[in-house]
Asker: 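Below you will find the structure I want to go over with you.
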Amino acid sequence: MKPVVAILGRPNVGKSTLFNRLTGRRSALVDPTPGVTRDRREGDAYLGRLRFTVVDTAGLEDAPATKVESEMQAQTKRALADADVALLLFDARAGVTPLDRHFADLVRRASTPIILVANKCESRAANAGLMEAYELGLGEPIAIASEHGIGMPDL
């Protein structure tokens, strides 16, 4: 049985783009509009010689306003609980937001091991966000740019 890796984070940090990169296919919708991903999506993934199942989740919200958003968050929490490891993605160009902090607290309480991943690190604009990431208390962030394939060996 292959290990399961869940991709978590707030909306629009690049979760679906990373999912597509890891699966080698463009099966997850990628759009700048928050909330496009509503259901979990699973795929066979590879990274170097590693083979695993990757799970793309909906963006986490701190206070779901609708029943659909509540179900999206419940599915994300189930994906976290079922995963062997989770990647908590944040947008390093935007820096660490209050919502990133909220979800770092949520995943820190989970029994699933967490890897902090700083996405959108293709330019120097991400440097400040990389430094802020240490405030989350999840260790050293791994810098990637999933859209361009940068940092995949480090991941």
Side-chain angles (χ1 to χ4, degrees), residues 1-64 67-92 94 96-121 129-130 133-134 136-147 149-155:
M1 187 169 173
K2 292 187 284 188
V4 176
V5 177
I7 304 172
L8 310 171
R10 66 180 173 80
N12 287 68
V13 295
K15 295 179 302 295
S16 294
T17 303
L18 180 56
F19 176 89
N20 287 341
R21 171 74 54 191
L22 293 173
T23 60
R25 300 182 338 185
R26 295 201 177 274
S27 57
L29 293 175
V30 176
D31 193 280
T33 307
V36 170
T37 303
R38 293 184 177 256
D39 297 313
R40 288 187 295 179
R41 176 178 291 275
E42 294 185 8
D44 292 327
Y46 60 93
L47 193 55
R49 292 184 178 175
L50 298 174
R51 300 290 181 257
F52 53 96
T53 299
V54 65
V55 181
D56 184 22
T57 63
L60 295 166
E61 299 285 347
D62 60 347
K67 183 175 178 164
V68 170
E69 288 173 348
S70 292
E71 180 56 31
M72 288 164 52
Q73 189 162 23
Q75 285 190 31
T76 297
K77 287 180 179 178
R78 279 195 298 273
L80 174 61
D82 294 344
D84 294 299
V85 67
L87 306 177
L88 180 61
L89 235 64
F90 75 98
D91 179 344
V96 175
T97 68
L99 198 52
D100 293 320
R101 286 183 181 88
H102 173 79
F103 290 108
D105 290 339
L106 182 132
V107 300
R108 195 178 303 107
R109 291 189 297 265
S111 60
T112 306
I114 305 298
I115 298 171
L116 183 61
V117 181
N119 195 22
K120 303 182 184 182
C121 291
L130 275 169
Y134 287 94
L136 298 176
L138 295 171
E140 183 175 357
I142 298 173
I144 69 166
S146 56
E147 185 174 351
I150 297 169
M152 293 299 113
D154 295 331
L155 183 60

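All heavy atoms count here, side chains included; hydrogens, waters and symmetry mates do not. Remember, predicted model here, so these are calculated numbers, not experimental data.
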Asker: List the atom of P11, the atom of L99, and the distance in Å for their closest heavy-atom pair.
Answerer: CD-CD2, 4.3 Å
Asker: Would you indicate whether the side-chain heavy atoms of V4 and V85 approach each other to under 4.5 Å?
Answerer: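 SC-SC contact between V85 and V4 ruled out.
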Asker: Do the side chains of L88 and V117 get nearer than 4.5 Å, heavy atoms only?
Answerer: no
Asker: Looking only at non-hydrogen atoms, find the nearest pair between I144 and G151 and report the distance.
Answerer: CG2-O, 3.7 Å
Asker: Got a second to check how far I7's CD1 is from I115's CD1, nearest 0.5 Å?
Answerer: 11.0 Å
Asker: Quick one: which residue pairs count as a side-chain hydrogen bond (donor to acceptor under 3.5 Å, both in side chains) with a foot in residues 103-114, not counting sequence neighbours?
Answerer: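 Pairs touching residues 103-114 that pass the test: D105-R108.
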Asker: Please answer whether the main-chain N or O of S146 pairs with a side-chain N or O of T17 as donor and acceptor at a distance below 3.5 Å.
Answerer: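 Such a contact is absent between T17 side chain and S146 backbone.
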Asker: To the nearest 0.5 Å, what is the distance between CD (E140) and CG (D154)?
Answerer: 9.5 Å
Asker: Output yes when R51 and D44 qualify as a salt bridge under the 4.0 Å nitrogen-oxygen rule, no when they do not.
Answerer: no
Asker: Looking at every heavy atom in both A6 and A79, which two are closest together, and how far apart are they?
Answerer: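 Minimum heavy-atom separation between A6 and A79: CB-O, 3.9 Å.
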Asker: Supply the atom-to-atom distance D82 CG to K77 NZ, rounded to the nearest 0.5 angstrom.
Answerer: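 Rounded to the nearest 0.5 Å, the CG-NZ separation comes to 14.0 Å.
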Asker: Between the side chains of T97 and D100, does any donor sit under 3.5 Å from an acceptor?
Answerer: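 Note: T97 and D100 side chains meet the donor-acceptor criterion.
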Asker: Within the structure provided, determine whether L130 and C121 are in side-chain contact (heavy-atom separation under 4.5 Å).
Answerer: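 They are in side-chain contact.
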Asker: Restricting to non-hydrogen atoms, name the atom on P141 and the atom on Y134 that form the minimum distance, rounded to 0.1 Å.
Answerer: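 Looking at all heavy atoms of both residues, the closest pair is CD-CZ, 3.8 Å.
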Asker: Atom CZ in F19, atom CZ in R25: separation rounded to 0.5 Å?
Answerer: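 Interatomic distance, F19 CZ to R25 CZ, rounded to 0.5 Å: 7.5 Å.
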Asker: How far does CG of L22 sit from OG1 of T53, to the nearest 0.5 angstrom?
Answerer: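 One finds 11.5 Å between CG of L22 and OG1 of T53.
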Asker: Quick check for you: to the nearest 0.5 Å, what is the distance between L89 atom CG and L18 atom CG?
Answerer: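 If I round to the nearest 0.5 Å, the distance is 5.5 Å.
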Asker: Are the side chains of D91 and N12 in touch, meaning some heavy atoms are under 4.5 Å apart?
Answerer: no
Asker: I need the single residue from L87, T23, N20 that forms a side chain to side chain contact (heavy atoms under 4.5 Å, CB included) with V54. Which is it?
Answerer: T23
Asker: Can you name the residues that form a salt bridge (charged side-chain N to carboxylate O under 4.0 Å, His left out) with R101, not counting sequence neighbours?
Answerer: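 Checked R101 against salt bridge (charged side-chain N to carboxylate O under 4.0 Å, His left out); matches are E135.
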Asker: With a 4.5 Å limit on heavy-atom distance, are the side chains of F52 and L47 in contact?
Answerer: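 Of all side-chain heavy-atom pairs linking L47 with F52, at least one is under 4.5 Å.
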Asker: Mind checking whether L80 and L8 have side chains closer than 4.5 Å, heavy atoms only?
Answerer: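 SC-SC contact between L80 and L8 confirmed.
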Asker: Can D56 and K15 be counted as an ion pair, charged N to O under 4.0 angstrom?
Answerer: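 No, D56 and K15 are not salt-bridged.
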Asker: Has the side chain of R41 got a donor or acceptor atom that lies under 3.5 Å from a matching backbone atom of V55?
Answerer: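 Flag not set: sc R41 to bb V55 has no pair under 3.5 Å.
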